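Everything below concerns the one structure shown next.
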Amino acid sequence: MSRHPLHQLLAEARSGVLVFSVTPPKLSTAEDRVKEIAEVTLDRLTALDIDGLILYDIDDESDRRPDRIFPYLPTLDPGRYLTEHLTGWRQPTIIYRCVGKYSEDELTDWMAGAGDQVMSVFVGPSSGGKEVRTTLRRAQELRAEVRPDLPLGAVVIPERADEHLRMLSKQERGASFFVSQVVYHVNEMKNLLSGYFYECRERGATPRTMIFTLSLCGSLRTLEFVRWLGVDVPRWLENSIRHSEDPLAESYRQCVAIARDLIDFCEHLGLPYGFNIESVSIRKAEIEASTDLAAEVAGLLRYRR
């Protein structure tokens, strides 16, 4: 039996979804180099047993904290990268939109022209004091007005207080699936899942699919950047990576363990789930390890797929 398309899997809140995420090339990248990167990316994607692709939209988050670990470098617009460079990609694509970067007209034009295979995740500002051109709530309203058939997801940050209530609020405003921030702290995620599941039960709401993001950490500098982004890394996990002779291998082992743990927990609750394997490094070893991780997680999900 053939696999249902990603749109249907998420609309019906099914488990077993697997997507792979990348960041478009830097805006300063030469056109011939962009073409080369796109061709390599397509080769990697077509070899994977995945349901779709996520293209990230990068924003300057120095308002979060001034001591950014890696410099902010603008990237190609993810919508343009998809239509102009990933032309051989035929599966669904979830395009992130940091809505505060765009005017209402820009968002409206993009939504109106997005193809049938396109989905989106709207991302709000990185801090409450950041100046924005369009608020998250207004972007959600625009989508309801302009393109209500555009499948819309929302970001989940398990470390944030009352996040389960935020999820339900976003769900009421059109979000039909959720994608988590990178998961390193499993207990925080379990707390969130439990709160969300039982709040849905109390309100008579249908729990939507939670897509857990797994990302390999091959160096201590990357680990520092993850923490700068606000991801809670447990001390024991940091120690395991910090003191390992092979941090990438240890990170890989921990990602697989996290995936197994979350699968078991969601199966016990009856909460629909999936995974997003993130590949945002430029290091060859980490890129190859991310594709290996996607293949291994696909194996873990095979009985649900």
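All figures in this text were calculated on a predicted structure; none of them were measured in a lab. Here, residue 1 is the first one in the sequence, and each next residue gets the next number. The analysis underlying the following values was restricted to heavy atoms, covering all of them including side chains, and did not include hydrogens, waters or symmetry mates.
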Check step by step if side chain to side chain contact (heavy atoms under 4.5 Å, CB included) holds for M119 and I95. CA-CA 6 Å; M119 312 167 76; I95 293 181; over 6 Å; no

Show your reasoning for whether side chain to side chain contact (heavy atoms under 4.5 Å, CB included) applies to W89 and L53. CA-CA 9 Å; W89 181 244; L53 170 68; 3.7 Å; yes

Take F275 and V19, measure what side chain to side chain contact (heavy atoms under 4.5 Å, CB included) needs, and give me the verdict at the end. CA-CA 6 Å; F275 288 92; V19 294; over 6 Å; no

Quick one: do E199 and L168 satisfy side chain to side chain contact (heavy atoms under 4.5 Å, CB included)? Show the steps, please. CA-CA 8 Å; E199 187 69 25; L168 278 156; 3.1 Å; yes

Could you give me the CA-CA distance, side-chain angles and deciding distance for E106 and R133, then say whether salt bridge (charged side-chain N to carboxylate O under 4.0 Å, His left out) is met? CA-CA 10 Å; E106 287 172 327; R133 300 175 70 188; 3.3 Å; yes

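Here the side chain of R173 pairs no donor or acceptor atom with the backbone of Q140 at under 3.5 angstrom. When atom types are taken as modelled, the side chain of T213 and the backbone of S180 share a donor-acceptor pair closer than 3.5 angstrom. N276 places no side-chain N or O within donor-acceptor distance of the main-chain N or O of I211, the cut-off being under 3.5 Å. Judged by distance alone, with hydrogens and angles left aside, the side-chain atoms of T83 form a donor-acceptor pair with the main-chain N or O of G79 at under 3.5 Å.
In this structure, OG1 in T29 is found 9.5 Å from CD in E31, a value given to the nearest 0.5 Å. Note: S244 OG to N239 CG = 12.0 Å, rounded to the nearest 0.5 Å. Atom OG of S279 sits about 4.0 Å away from atom CZ of F20, to the nearest 0.5 Å. Once rounded to the nearest 0.5 Å, the distance linking CD of E188 with CD of E163 reads 11.0 Å. T87 OG1 to K35 NZ: the interatomic distance, rounded to the nearest 0.5 Å, is 9.5 Å. Atom CG of L10 and atom CZ of F177 lie 5.5 Å apart (nearest 0.5 Å).
Taking the centre and axis of the six-membered ring of Y102, the NZ or CZ atom of R97 falls inside the cone set by 45° and 6.0 Å.
At a cut-off of 3.5 Å, with distance as the only test, no side-chain donor of Y184 or E238 sits close to an acceptor on the other residue. Donor-acceptor pairing under 3.5 Å is recorded for the side chains of S21 and Y56. Side-chain contact annotation: R253 with S240, donor-acceptor N/O pair under 3.5 Å absent.
Under a hydrophobic-cluster definition in which Ile, Leu, Val, Met, Phe, Trp and Tyr are linked whenever side-chain heavy atoms come within less than 4.5 Å, directly or via other members, L300 and I258 are assigned to the same cluster. By the rule that hydrophobic residues join a cluster once side-chain heavy atoms approach within less than 4.5 Å of another member, L55 and L27 end up as members of one cluster. No continuous path of hydrophobic side-chain contacts links L136 to V132 [ILVMFWY only; heavy atoms under 4.5 Å]. No continuous path of ILVMFWY side-chain contacts below 4.5 Å connects I282 to L42, so the two sit in separate hydrophobic clusters. I37 and L48 fall within the same hydrophobic cluster, where Ile, Leu, Val, Met, Phe, Trp and Tyr residues are linked whenever their side-chain heavy atoms come under 4.5 Å apart, directly or through other members.
A 4.5 Å side-chain heavy-atom check between F122 and V155 finds every atom pair outside the cut-off. Taking the side chain as every heavy atom from C-beta outward, E296 and Y252 approach each other to under 4.5 Å. Counting only heavy atoms from C-beta outward, the side chains of L193 and C266 approach each other to under 4.5 Å. The shortest distance between side-chain heavy atoms of C200 and T206 does not fall below 4.5 Å. Residues F265 and M189 are not in side-chain contact: their nearest non-hydrogen atoms beyond the backbone lie 4.5 Å or more apart.
The residues R242 and E250 are annotated as not salt-bridged, no charged nitrogen and carboxylate oxygen being separated by less than 4.0 angstrom. Looking at R147 and D149, a side-chain N of the basic residue comes within less than 4.0 Å of a carboxylate O on the acidic one, giving a salt bridge. The existence of a salt bridge linking R203 and E172 is confirmed by a sub-4.0 Å separation between a basic side-chain nitrogen and an acidic carboxylate oxygen.
Here the shortest heavy-atom pairing between M210 and L192 reads CE-CD2, 4.4 Å. Between P207 and F197, the shortest heavy-atom contact is CG-CD1, 4.3 Å. S251 and C217 get closest at one heavy-atom pair: OG-N, 2.8 Å. Nearest approach of T291 to R44, heavy atoms of both residues: CG2-NE, 3.7 Å. Across all their heavy atoms, V99 and A139 have their closest contact at CG1-CB, 3.6 Å. Contact record, S290 with I277: O-CG2, 3.4 Å, taken as the closest heavy-atom pair.
Surrounding CD of E145 are more than 12 heavy atoms belonging to other residues, nucleotides or ligands, all under 6.0 Å away. For R160, the CZ atom counts as densely surrounded, since its 6.0 Å shell holds more than 12 non-hydrogen atoms of other residues, nucleotides or ligands. Applying the 6.0 Å contact sphere to CG of D116 captures no more than 12 heavy atoms from other residues, nucleotides or ligands.
When each of E278, E286, Q181 is checked for a side-chain hydrogen bond (donor to acceptor under 3.5 Å, both in side chains) with S215, only E278 meets the rule.
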